[in-house]
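Please read all numbers here as calculations on a predicted model, not as lab measurements. Protein chains get the first letters and strands the later ones, always in sequence-line order, with residue 1 at the start of each.
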Amino acid sequence: MSQIAITVDGQPQSVAADQRPTHLFAENKEIVVCKINGVLRDLWTDLSEGDVVESVSISSPEGLAVLRHSTAHVMAQAVQQVFAQTRLGIGPPITDGFYYDFDPQVPFTPDDLEKVESAMRKIVKEGQRFRRRVTSETEALVELAHEPYKCELIGLKGPAGEEASVEVGGSELTIYDNLGRDGQPVWSDLCRGPHLPSTKHIPAFKLMRTAGAYWRGSEKNPMLQRIYGTAWPSQDELNAYLELLAEAEKRDHRRLGQELDLFSFPEEIGSGLAVFHPKGGIIRRAMEDYSRKRHEDEGYEFVYSPHLTKAALFQKSGHLDWYSEGMYPPMIMDEELHADGTIKRPGQQYYMKPMNCPFHNLIFQSRGRSYRELPLRLFEFGTVYRYEKSGVLHGITRARGFTQDDAHIYCTKDQMPGELDSLLTFVLNLLRDYGLEDFYLELSTRNPEKSVGADEDWEEATEALRKAALAQNLELVLDEGGAAFYGPKISVQAKDAIGRTWQMSTIQVDFQLPQRFELEYAAADGSRQRPVMIHRALFGSIERFFGVLTEHYSGAFPPWLAPVQAIAIPVADVYTDYLIDVVKQLKAAGIRADIDASDDRMQKKVRNAQMQKIPFMLIAGEEDMKAGAVSFRYRNGDQKNGVPIKDAIAEISQAVSDRVQV
RNA sequence: GCCUCCUUAGCUCAGUGGUAGAGCAGCUCACUUGUAAUGAGCAGGUCAUCCGUUCAAAUCGGAUAGGGGGCUCCA
């Protein structure tokens, strides 16, 4: 047997020519795939002289993707075993798992998932080898004649891997065969690979749910049935993932909104339209009050605008042309009809506002503006209504009526970079005050085919945004071509307590509206100039931010936001009067305090307060009363006994004014 | 909007063709115990709504409304 010289994980080696990576890494079961000359390949790939081979562990991002992709294959094989007439769509790995789209004869039921899962376990146990086979377009079309969706993909495989996906793309068309114990193919799928060496390298997986999904992601296409699954390098990691999902469910703002009596969606009002209950109202007002104060300090001026407007305003802004399907339909007022039903006098159309900017532009325009007034920063808690498609509504984070903390900044071109820079700093600091700490930024740039405005304006604004972003020393992700047609934007992405990312604030430069509204100011030389307009929202929507904070804190709001900051619990009835007096003192100090004077046992009251996630419990019995003190129980179960009333008030007040979490 | 699942007491849920059940919450009474559930009793539902099938419907079928999970969308 001849020898070839190769490099394995940086070490030069001479190996027999029939050796494959699977042999090189045979001792390490963690190695499930490899890179040959920088390209991710199967461990069964033939090696040639001079190849540089790098091992890829199942726990690396690339290894995980291969694991999940291979598990998707196993699922597809199992589905076709259980439901023979099912046609295949696509099945890529995704974050934390995979999916595969199918066109079954009848949609899957939860029972079906169990059947598929047990068929999968058999396949995994059998240890079927994944074998890569190069084919041609013609051959593949014959072989896969019974898989119409696969044939469509083959047809889409343009030159040089255009439309590349996990199925097709790259220079070759390949099919992966799953080989049974006897080495004969038992199942095949059009696929680019690579894959695990065999199905027994799948340590832990679970099918999660079924869902509908449009073929190739377009609502014009037929809807397929998608099965989502997850796969992990070990059972422990799978369990940890399932626990994370359970934790996320526990902190779901819709559930907590109910449990903590914060808000609800009465059916009588309509989908996506929330009412805030007193406790939710306290949180919301605390959020708003603080935001107001900070905006005031930052030089914003507060304005108000109506919820309704005549159609002309949104015609002028262009919203009726582009977004009318996202708006509530018009109300027609003062129309007069003839007896035969024909129109005698046409009525006026009024719309609920889906955004506030046109109103702010009218305020800008209400009189002549001088450069001395700029930057002019107009702020409003503006409630808007958008007719979101029924399927997208999600609690309070995606609703049909919501309130934006909306501001528009009108400034000169020269002022724009400085304004963007200070704005971004302001935004991030304010988010930090609300308890979010972990951010990255996303810069959305121009899509040349869908945009208006001069190239140099875009260039200038994009650079100003980029500079402002870089100055924050945060990770900056480029969203190429992701800008709205009217200008580039930066969005702030925040990670919550369990690592989920939420898009929070946006800062957007607009070249379109100042033009459509013909906004002008008088410059120092007396000429008339068009201002630059910056849209920005910190919370995006107050309701949405409320929902995000609820999930971030899991309902255990920091004292400054908590609806009830302290609750007094007497050990027995006879100490109630003493605590009523303590609560009076707390209230006098501006603390939202209450007493639980019900018939319940003290232990029950502690439990209730704990479930309401009240930050401070103040307990008093004989000892405390004699000493003029109270005993703290904190949310984490810790206690501090015999605290003089004055000290207790000071401690709570301090926690509130510092806006710390406890 | 599309696919799919769901809707029973204030909340969480049992109940798959023979005219409704539990726990918690609520109310009443008794009890008063130092850090996560005291006990007893009472009350509470035209089984989301409407239409149909059936001798008989919470249960089967359809429509509507609301909700969950996805897809598409998010100015």
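- For the OP1/OP2 pair of B:rC71 and a distance below 4.0 Å, the side-chain nitrogens and oxygens of A:Tyr228 include at least one atom meeting the criterion.
- Only the C1' atoms considered, B:rC24 is 10 Å distant from B:rA37, to the nearest whole Å.
- Which of B:rG69, B:rG34, B:rA75 sits closest to the side chain of A:Arg209 comes down to B:rG69.
- Between the CD atom of A:Gln612 and the P atom of B:rA36 there is a distance of 17 Å, given to the nearest Å.
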Which protein N or O atoms sit under 3.5 Å from an N or O of nucleotides 41-43 of chain B?
none

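- Taking A:Phe439 as the reference, nothing meets the ring-ring contact (aromatic ring centres under 6.0 Å, His included) condition, with sequence neighbours excluded.
- Residues satisfying the side-chain hydrogen bond (donor to acceptor under 3.5 Å, both in side chains) test with A:Asn636, not counting sequence neighbours, are A:Asp638.
- To the nearest whole angstrom, the two P atoms, one in B:rC50 and one in B:rU59, are 13 Å apart.
- Among B:rA75, B:rC73, B:rU35, the nucleotide with an atom closest to any side-chain atom of A:Lys389 is B:rC73.
- With sequence neighbours excluded, no residue satisfies salt bridge (Lys or Arg N to Asp or Glu O under 4.0 Å) with A:Asp103.
- A:Arg500 meets the salt bridge (Lys or Arg N to Asp or Glu O under 4.0 Å) test with A:Asp496, A:Glu551; sequence neighbours excluded.
- Every residue meeting the salt bridge (Lys or Arg N to Asp or Glu O under 4.0 Å) condition with A:Glu219, not counting sequence neighbours, appears here in chain and number order: A:Lys389.
- Judged purely by atom type and a 3.5 angstrom limit, A:Glu380 uses its side chain to pair as donor or acceptor with the backbone of A:Ser305.
- When the C1' atom is used for both B:rA57 and B:rG61, the distance is 11 Å, rounded to whole Å.
- Each of A:Met355 and A:Arg226 lies near RNA chain B, and the nucleotide nearest A:Arg226 is the one positioned closer to the 5' end.
- Between the CE atom of A:Met208 and the C1' atom of B:rG69 there is a distance of 11 Å, given to the nearest Å.
- Summarising the geometry, the separation between CG on A:Asp479 and P on B:rC74 is reported as 12 Å, rounded to the nearest angstrom.
- Listed nucleotides: B:rG34, B:rG69, B:rC71. Nearest to the side chain of A:Ala211: B:rG69.
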Output one line per pair: protein atom, nucleotide atom from nucleotides 61-68 of chain B, and distance, for all N/O pairs under 3.5 Å.
| unit_1 | atom_1 | unit_2 | atom_2 | d |
| --- | --- | --- | --- | --- |
| B:rA65 | O2' | A:Glu267 | OE2 | 3.4 |
| B:rG66 | O4' | A:Glu267 | OE2 | 3.4 |
| B:rG67 | OP1 | A:Ser271 | OG | 3.3 |
| B:rG67 | OP2 | A:Ser271 | OG | 2.5 |
| B:rG68 | OP1 | A:Arg254 | NH1 | 3.0 |

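- Of the listed nucleotides (B:rA75, B:rU35, B:rC71), B:rU35 has the atom at the smallest distance from the side chain of A:Asn641.
- In the region residues 545-554 of chain A, proximity to RNA chain B at under 4.0 angstrom, judged on heavy atoms, holds for none of the residues.
- Side-chain proximity of A:Val392 to B:rA36, B:rC73, B:rA75: nearest is B:rC73.
- Of the candidates B:rG34, B:rC71, B:rU12, the closest approach to any side-chain atom of A:Tyr214 belongs to B:rC71.
- In this structure, A:Gln603 and A:Gln508 both approach RNA chain B, and ranking their closest nucleotides by distance from the 5' end singles out A:Gln603.
- With sequence neighbours left out, A:Arg446 forms a salt bridge (Lys or Arg N to Asp or Glu O under 4.0 Å) with A:Asp455.
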Heavy-atom protein contacts under 4.0 Å, nucleotides 23-31 of chain B, coded B base, S sugar-phosphate only, - none
--S-----B
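- Listed nucleotides: B:rC3, B:rG34, B:rU72. Nearest to the side chain of A:Val571: B:rG34.
- Legend: side chain to side chain donor-acceptor pair (under 3.5 Å) pairs involving residues 271-283 of chain A, not counting sequence neighbours, sorted by first then second residue: A:Asp261-A:His277, A:Ser264-A:His277.
- Comparing B:rG21 with B:rC29, their C1' atoms sit 26 Å apart, to the nearest whole Å.
- Taking atom C1' on both B:rU7 and B:rU64, the two are 14 Å apart, rounded to the nearest angstrom.
- Ion pairing of A:Glu651 with A:Lys640 is present here, as a side-chain N (NZ or NE/NH1/NH2) and a carboxylate O approach within less than 4.0 Å.
- The distance from atom CE of A:Met617 to atom P of B:rG34 is 17 Å, rounded to the nearest whole Å.
- If you take CD of A:Glu442 and C1' of B:rC74, they are 14 Å apart, rounded to a whole angstrom.
- For B:rA43 and B:rA25, the C1' atoms lie 13 Å apart once the distance is rounded to whole Å.
- Residues meeting the ring-ring contact (aromatic ring centres under 6.0 Å, His included) test with A:Tyr350, sequence neighbours left out: none.
- Distances shorter than 4.0 Å separate some side-chain N or O of A:Arg633 from OP1 or OP2 on B:rA36.
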